[in-house]
Amino acid sequence: MIGGGPGGLYFAYLWKKRHPEDQVDLFEQNPADATWGFGVVFSDQALEFLRADDPETVDAIAPHMESWENITLNLHGNSVAIDGVGFSSIGRLELLRFLQQRALDAGVTPRFDTQIQAIDQLNGHDLIVAADGLNSLVRRAFEGDFGTSLSYSSNKFVWYGTSKRFDTLSQTFVKTDRGTFNAHHYRYSPNMSTFLVECDHATWQAYGFAYKDVEQSKGVCEEVFADTLGGHCLVSNKSVWRNFPWVWNEHWSFKNMVLIGDALHSAHFSIGSGTRLAIEDAIALVKALESDAHLTTALHRYQAARKPVVQKLVDAARTSASWYEHFAQHMQLDLMDFAYSYITRSGRIDEERLRQMSPAFMARYAAAKNGGDAA
């Protein structure tokens, strides 16, 4: 295993637990207690998927998660709740510590603070699983063989935390005299929340963020979202402005190397599925390897079974990301039309499904359309 994130740790744990006679070495360039980001979020559907394959892990993690049943949208000082959209979250570092312990208990050999400089260092291993993220060494070394493509969204984003506790997964949209901002925010522990700030490139330029350091950028974001933060500060952790990278690989394996997680594909943070996809990749890879003793055939089976599922979700993520690239235009809608546009943005939820999933929201939406109060 190259990479000690959730996907790499989970594959190492799962394989070693089911095949205790195998030697599983995990290499992670960072210390065991290092992480970037703050919280990670799972939909109820994602947790049920994981529970079907590994109920023991879900039952162990669940008591440490924050959960809610609604999404809250804030626009022009007004709010609307979209019911029936369940999520749970946990601190990224807490999740990593949990998975590290699972891997250790299963007998995985972890090597933290160990950077693999060249694939030749791993000669002698039967299988190399690359879970080493967006900048994967394995993928970059064989981009042509993996059929790698890389592009970037035009919006800028920066990932913070805050001690402000939010009741639900929330989206706050703010218009200033120099542009528009959006914040994705949700609690991941009793006293901490993720707070991801996003803006279009024109707004980013208007504020001169290219010439501001981390503290100056944080100060601007605290000012823009002062009402939302309610006196709380933002917390930085490698919090720099970035463009979201779209990574895709046509071929998921080459020789005895196979990709999972962000090394293989990326899905926009607006659908909150990066960690979920990495863990599901790990499960699918374990199943494929167990289904066929011939390594090459098993790796092809992994791609054949998993790729259509991932492609569908990534397509939805791209559609969702496109909505965010034009969120300033959507902000011109009234609150209820804006909320409807938001919740249907990925194309995965139509009006009929929304009626079943979110009856309270749809009743309020219908009332607004019939001339009722939309505020």
Side-chain angles (χ1 to χ4, degrees), residues 36-38 41 71-80 134 149-162 169-186 193-229 234 236 238-248 266-274 314-347:
W36 60 274
F38 294 91
V41 66
I71 290 177
T72 304
L73 300 182
N74 305 301
L75 177 70
H76 305 317
N78 295 314
S79 298
V80 58
L134 293 169
S149 61
L150 173 64
S151 61
Y152 293 88
S153 288
S154 62
N155 276 13
K156 291 284 187 176
F157 75 96
V158 57
W159 199 342
Y160 298 110
T162 179
L169 189 154
S170 306
Q171 300 266 308
T172 298
F173 297 83
V174 173
K175 181 176 176 56
T176 75
D177 59 349
R178 282 186 276 177
T180 51
F181 291 85
N182 169 42
H184 310 238
H185 45 95
Y186 57 87
S193 298
T194 288
F195 202 94
L196 187 151
V197 178
E198 181 179 13
C199 65
D200 60 28
H201 194 264
T203 301
W204 186 77
Q205 285 184 311
Y207 274 86
F209 284 121
Y211 306 100
K212 288 179 167 55
D213 61 24
V214 170
E215 284 302 308
Q216 290 170 329
S217 286
K218 183 167 75 72
V220 172
C221 292
E222 287 172 338
E223 183 178 342
V224 169
F225 290 100
D227 291 342
T228 305
L229 291 167
L234 294 176
S236 295
K238 300 181 181 178
S239 299
V240 296
W241 289 99
R242 292 178 286 158
N243 295 78
F244 183 81
W246 292 101
V247 174
W248 183 255
S266 58
H268 195 254
F269 50 79
S270 63
I271 63 170
S273 294
V314 169
D315 287 346
R318 284 186 175 273
T319 305
S320 175
S322 177
W323 186 92
Y324 279 95
E325 289 180 334
H326 302 93
F327 74 79
Q329 298 174 27
H330 300 305
M331 287 173 64
Q332 298 174 27
L333 299 170
D334 66 52
L335 179 64
M336 298 309 296
D337 282 333
F338 177 82
Y340 186 88
S341 172
Y342 164 82
I343 197 61
T344 59
R345 70 192 184 283
S346 70

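Keep in mind that this is a model prediction, so the values were computed, not measured. These numbers come from the heavy atoms of this one structure, side chains and all, not from hydrogens, waters or symmetry mates.
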*Asks:* Kindly indicate, with the supporting measurements, whether the criterion side-chain contact (heavy atoms from CB on, under 4.5 Å) is fulfilled by K156 and F209.
*Replies:* CA-CA 10 Å; K156 291 284 187 176; F209 284 121; over 6 Å; no
*Asks:* What distance do R318 atom CZ and S320 atom OG have between them, rounded to the nearest 0.5 Å?
*Replies:*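 Going from the CZ atom of R318 to the OG atom of S320 covers 12.0 Å.
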*Asks:* Just verifying a value: how many Å separate Y152 OH and R242 CZ, rounded to the nearest 0.5 Å?
*Replies:*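 Y152 atom OH to R242 atom CZ measures 10.5 Å (nearest 0.5 Å).
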*Asks:* Report yes if the side chains of F181 and W204 come closer than 4.5 Å at any heavy-atom pair, otherwise no.
*Replies:* no
*Asks:* Ignoring hydrogens and angles, tell me if any N or O in the side chain of K212 forms a donor-acceptor pair with the backbone of Y207 under 3.5 Å.
*Replies:*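 Here the side-chain-to-backbone pair exists.
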*Asks:* Treating Q205 as the side-chain partner and A202 as the backbone partner, does any N or O pair qualify as donor plus acceptor under 3.5 Å?
*Replies:*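 Between the backbone of A202 and the side chain of Q205 there is no qualifying donor-acceptor contact (under 3.5 Å).
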*Asks:* Measuring from atom CD1 of I343 to atom CD1 of I71, what distance do you get when rounded to the nearest 0.5 angstrom?
*Replies:* 4.5 Å
*Asks:* Can we call the ring centroids of H185 and F195 under 6.0 Å apart?
*Replies:* yes
*Asks:* Please report the shortest heavy-atom distance between P245 and L150, naming the atom on each side.
*Replies:* CB-CD1, 4.1 Å
*Asks:* Measure from the side-chain N and O atoms of E325 to the backbone N and O of S154, and report whether any donor-acceptor pair falls under 3.5 Å.
*Replies:* yes
*Asks:* Is any side-chain heavy atom of F157 closer than 4.5 Å to a side-chain heavy atom of S270?
*Replies:* no
*Asks:* Under 3.5 Å, is there a donor-acceptor pair between the side chain of D200 and the main chain of A328?
*Replies:*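 Side chain of D200 to backbone of A328: no pair is present.
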*Asks:* Please confirm whether the backbone N or O of F38 pairs with a side-chain atom of T194, one donor and one acceptor, at under 3.5 Å?
*Replies:*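 Such a contact is absent between T194 side chain and F38 backbone.
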*Asks:* Looking at side-chain heavy atoms only, is the closest gap between V174 and T172 below 4.5 Å?
*Replies:* yes
*Asks:* Measuring from atom CG of L196 to atom CG of N182, what distance do you get when rounded to the nearest 0.5 angstrom?
*Replies:* 8.5 Å
*Asks:* Apply side-chain contact (heavy atoms from CB on, under 4.5 Å) to V41 and L169, showing your working.
*Replies:* CA-CA 9 Å; V41 66; L169 189 154; 4.3 Å; yes
*Asks:* For the pair T203 (side chain) and T180 (backbone), establish whether a donor and an acceptor sit closer than 3.5 Å, ignoring hydrogens and angles.
*Replies:* yes
*Asks:* Decide yes or no on side-chain contact (heavy atoms from CB on, under 4.5 Å) for S236 and Y160, but give the supporting numbers first.
*Replies:* CA-CA 5 Å; S236 295; Y160 298 110; 3.7 Å; yes
*Asks:* What is the distance from atom CZ of F269 to atom CD1 of I271, rounded to the nearest 0.5 Å?
*Replies:* 11.0 Å
*Asks:* Surrounding CG of N243 (heavy atoms of other residues, nucleotides or ligands, distance under 6.0 Å), is the total greater than 12?
*Replies:*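 Result for CG/N243: enclosed.
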*Asks:* Ring centroids only, cut at 6.0 angstrom: are W323 and F338 within range, meaning strictly under it?
*Replies:*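 Under 6.0 Å, so yes.
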*Asks:* If we only count heavy atoms from C-beta on, is the H330 to F173 side-chain gap below 4.5 Å?
*Replies:*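 Heavy-atom side-chain distance check fails, nothing below 4.5 Å.
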*Asks:* Any side-chain heavy-atom pair from F225 and L234 closer than 4.5 angstrom?
*Replies:*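 With C-beta onward as the side chain, the pair stays apart.
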*Asks:* Checking the side chain of S153 only, and the main-chain atoms of N155 only, is there a donor and an acceptor separated by less than 3.5 Å?
*Replies:*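 Not confirmed, S153 side chain does not pair with N155 backbone.
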*Asks:* Which pair of non-hydrogen atoms, one from A321 and one from W246, has the smallest distance, and what is that distance?
*Replies:* CB-CZ2, 3.6 Å
*Asks:* Do the non-hydrogen side-chain atoms of S341 and L333 ever get within less than 4.5 Å of each other?
*Replies:*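 Sidechains of L333 and S341: in contact.
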*Asks:* Between H76 (side chain) and D334 (backbone), is there a donor-acceptor pair under 3.5 Å?
*Replies:*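 Looks like no, no N/O pair under 3.5 Å.
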*Asks:* Quick one: sort the H268 and F244 rings into parallel, tilted or perpendicular, breaks at 30° and 60°.
*Replies:* perpendicular
*Asks:* When you compare the side chain of F327 with that of Q171, does any pair of heavy atoms fall below 4.5 Å?
*Replies:* no
*Asks:* Working to the nearest 0.5 Å, report the span between NZ of K175 and CG of L75.
*Replies:* 11.5 Å
*Asks:* Identify the two heavy atoms, one from L134 and one from S266, that lie closest to each other, and give their separation to 0.1 Å.
*Replies:* CD2-CB, 4.0 Å
